[in-house]
Every structure is written in C-alpha cells, then in structure tokens.
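Each ligand, and each atom within it, is numbered from 1 in the order the structure gives. Values below: all heavy atoms of this structure, side chains included; hydrogens, waters and symmetry mates excluded. By convention here, the first residue in the shown sequence is residue 1.
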Amino acid sequence: MPLVSSKEMFQKAYLGHYAIGAFNANNMEIIQGIVGAAQKEASPIILQVSNETRQYSNPAYLTKLIEAAVNTTDVAICLHLDHGANYEICKDCVDSGYTSVMIDGSNLAFEENITLTRRVVCYAHDHGVVVEGELGRLAGKKDDISISNQDATMTDPEQAAEFVERTGVDSLAIAIGTKHGPYKFEDTPRLDFDRLKKITALLPGFPLVLHGASSVPTEFVEMCNQYGGAIKRAQGVPEDMLRDAAKLGVCKINFETDLNLVMTACIRQFFVENPEQFDPRAYLGPGRAAIMAMAAHKMREVLGCSHK
Ligand SMILES: [Zn+2]
C-alpha cells in the first residue's frame with residue numbers, strides 16, 4: 001500500500017472515538033519496531049519525523065527506510081513532518097513525498113501564526129498534502145527547543161475556532177496540559193478536559209492533536225535507573241486520560257519519549273548483563289523488540305486503533 005494522508009484515518013477515528021498513534025521515526029530499528037507493531041495490530045499509523053531527525057539521518061536515508069516499511073507491510077502509513085519550523089522545511093517535505101506536514105507557528109503572535117500556517121496550507125493542499133497547525137504553547141523540551149512552564153500557554157477555544165477557519169488546516173495541535181519530555185507533572189497529573197470540551201464544541205467533527213503525550217511508565221524509568229541511568233522525578237500522562245481524550249475529538253496522539261525510554265532501558269540492561277558483548281546488533285535487536293511491544297501496547301490498550 002502506498003503512503004496515505006491522515007484525512008481518512010482521522011475521519012474514521014473521530015466517528016469511532018479512538019485515536020491514531022503518531023510515533024517518531026528516529027532510526028531504522030525504531031521504524032521497524034513501530035511498523036512491526038502496526039502490522040501485528042492491523043492498525044493504521046503515522047510515522048513522524050522532526051527536522052532534527054532529518055538532519056541526523058540525512059533525509060534521503062530516512063525516505064528509503066520508510067519506503068521499505070511501506071513496501072513490506074499492508075497497513076496504512078502516513079508520513080508526517082513533526083514540528084516544521086518554517087515554510088521552507090514544510091515545502092521541502094511536501095516536495096519529497098510526505099503526505100502530511102506540521103507547521104509549528106505556536107511561538108508566533110496569533111496573526112503571524114495564521115499568516116504562516118495559511119501559506120503552508122495553500123502550498124500543501126495544492127499538492128494533495130494535509131497540514132497540522134499548532135495553537136497554544138507546550139512546556140518541556142523537544143529536540144533543541146525548550147519552553148519553561150512560565151512561557152507555556154493553554155489553547156484558547158475561541159481562538160482555536162478562528163484559527164482553523166482562517167488557515168484551512170486539517171488538524172490542530174492544542175495545549176491542554178501535556179508537555180514534551182519525561183518531566184511532565186510535578187505533582188498529580190492533570191489535563192484541562194473542560195478546555196478540550198469547549199474546543200471540541202466549537203469545532204465539531206474537527207480532528208485535534210495531542211503532543212507530549214507519553215505516559216513515561218515507572219517500570220521503564222526504574223529499569224533505566226537500575227542499570228546506571230539517572231532519570232529522576234519523571235512523570236507522564238496517565239493512559240486513562242489519553243483514552244478519555246480520544247473520545248473527545250483527539251484523533252492523533254504523539255509518542256516519542258516512551259519509545260526512547262523503553263529502548264534505552266532495554267539497551268542499558270543488556271550492557272550491564274552482557275559486558276563481554278560489543279556487537280551493535282546484539283543490543284539494537286532487543287531494543288527494536290521493546291519498541292514493537294510498546295507501540296503495540298499503545299495501539300491496543302490506549303489508542304483503540306487496533307484492527308481499524
Ligand atoms: Zn510535539
């Protein structure tokens with residue numbers, strides 16, 4: 001099956017009250033783990049790539065890895081640019097075969113965000129590619145961008161409705177309390193569901209997106225720390241909150257931290273238990289299997305997108 005856009009995925013997810021997982025595709029083993037899980041769960045997926053990952057891998061290598069994933073499976077795969085920082089990056093991804101791009105103008109003033117997003121939408125739609133915008137600003141660390149709790153802002157529901165109407169975006173990333181990275185909450189986890197309900201009421205049928213939605217399972221934080229890691233006070237979004245969000249118009253939920261965490265935990269354990277080993281395949285293979293188990297768990301138990 002060729003790469004598909006997320007349009008039909010989101011329509012079905014919205015009506016079925018489930019969400020599609022968007023997993024960050026950072027290297028070959030991670031891509032194979034995610035796609036293996038989708039195959040096992042018979043689930044549609046979004047493989048997303050940030051600009052930092054494109055630079056790290058070389059866009060040409062990444063494109064071929066994803067082409068291989070498409071050629072060796074029969075699940076619906078959407079290839080998405082995560083956090084496109086400007087028009088040029090989005091255009092480059094549209095031109096190189098991505099079926100979805102995100103333009104992240106959330107750091108701009110409202111009117112400037114609209115102008116930039118509208119420009120990307122015009123180009124992408126002319127080429128049959130869908131666009132995710134962002135309104136509101138998430139706290140946390142994502143690649144080389146850090147936003148403090150003080151600088152984070154929640155999405156204003158009225159502005160969200162105006163933003164969607166004036167830009168023509170196909171989906172919108174909103175800020176309701178999730179956060180990038182493993183340190184999401186200092187005390188009890190809380191998402192602003194009243195705000196989400198207001199946004200959904202003003203935008204009926206419109207797909208919303210949650211970034212920074214990893215659950216940071218204690219089991220894998222402890223496994224990292226047991227084998228030499230130092231990930232202190234990490235806390236993620238409880239899975240039942242993500243299930244609730246999927247019933248309230250959230251059609252795309254992003255996971256990166258959980259994949260990175262489980263792979264690192266697994267590799268750390270391997271190094272400590274097998275100090276004589278030095279073949280990268282010996283530890284990347286189990287890392288890939290751990291990614292697959294984690295992604296399959298998300299699809300089946302959290303997103304509800306298995307067999308859809
Ligand atoms: Zn994000």
Side-chain angles (χ1 to χ4, degrees), residues 6 9-10 19-26 30 34 45-57 62 78-86 89-90 93 98 100-108 113 116-117 120 130-149 151-155 160 163 167 169-185 189 191-192 195-196 199 207-216 234-237 241-242 245-246 249-261 294-295 298 302-303:
S6 52
M9 289 183 188
F10 290 166
I20 308 293
F23 300 95
N24 284 75
N26 289 341
I30 293 176
I34 300 164
I45 45 161
I46 297 170
L47 285 176
Q48 60 183 14
V49 175
S50 67
N51 200 47
E52 285 72 12
T53 299
R54 293 175 78 232
Q55 301 310 321
Y56 170 81
S57 316
L62 258 185
C78 165
L79 175 58
H80 173 76
L81 169 68
D82 190 23
H83 289 283
N86 54 49
I89 292 168
C90 292
C93 287
Y98 283 54
S100 173
V101 293
M102 175 188 189
I103 176 69
D104 180 359
S106 62
N107 58 329
L108 302 173
N113 189 358
L116 173 63
T117 304
V120 171
V130 293
V131 179
E132 174 184 325
E134 178 164 353
L135 190 64
R137 200 180 300 163
L138 258 65
K141 190 172 183 321
K142 166 80 184 173
D143 293 323
D144 53 359
I145 298 166
S146 259
I147 309 277
S148 70
N149 285 343
D151 289 335
T153 48
M154 297 273 200
T155 306
F163 186 87
T167 57
V169 280
D170 302 277
S171 61
L172 183 68
I174 54 165
I176 56 164
T178 60
K179 186 171 173 179
H180 286 125
Y183 309 104
K184 298 186 194 294
F185 302 100
L191 296 187
D192 191 343
R195 187 177 295 271
L196 173 58
I199 297 170
L208 301 172
V209 178
L210 277 192
H211 283 240
S214 279
S215 295
V216 195
Q235 195 179 169
V237 183
M241 288 190 186
L242 298 176
V250 170
C251 294
K252 172 174 177 271
I253 300 184
N254 290 5
F255 300 103
E256 179 169 27
T257 296
D258 281 352
L259 300 182
N260 292 345
L261 179 69
M294 170 68 84
K298 300 285 185 201
V302 183
L303 299 155

Is the closest side-chain heavy-atom distance between [X] and [Y] below 4.5 Å?
| X | Y | result |
| --- | --- | --- |
| Leu196 | Val250 | yes |
| Val130 | Phe10 | no |
| His83 | His180 | yes |
| Lys298 | Leu242 | no |

Counterpart residues, salt bridge (Lys or Arg N to Asp or Glu O under 4.0 Å), relative to Glu256 (two or more places apart): Lys142
Using the side-chain contact (heavy atoms from CB on, under 4.5 Å) rule, pick out the option among Asp143, Asn24, Ile46 that qualifies with Asp82. Asn24
Which atoms of the protein, restricted to N, O or S, are nearer than 2.8 Å to the Zn ion (ligand 1)? His83 NE2, His180 NE2, His211 ND1
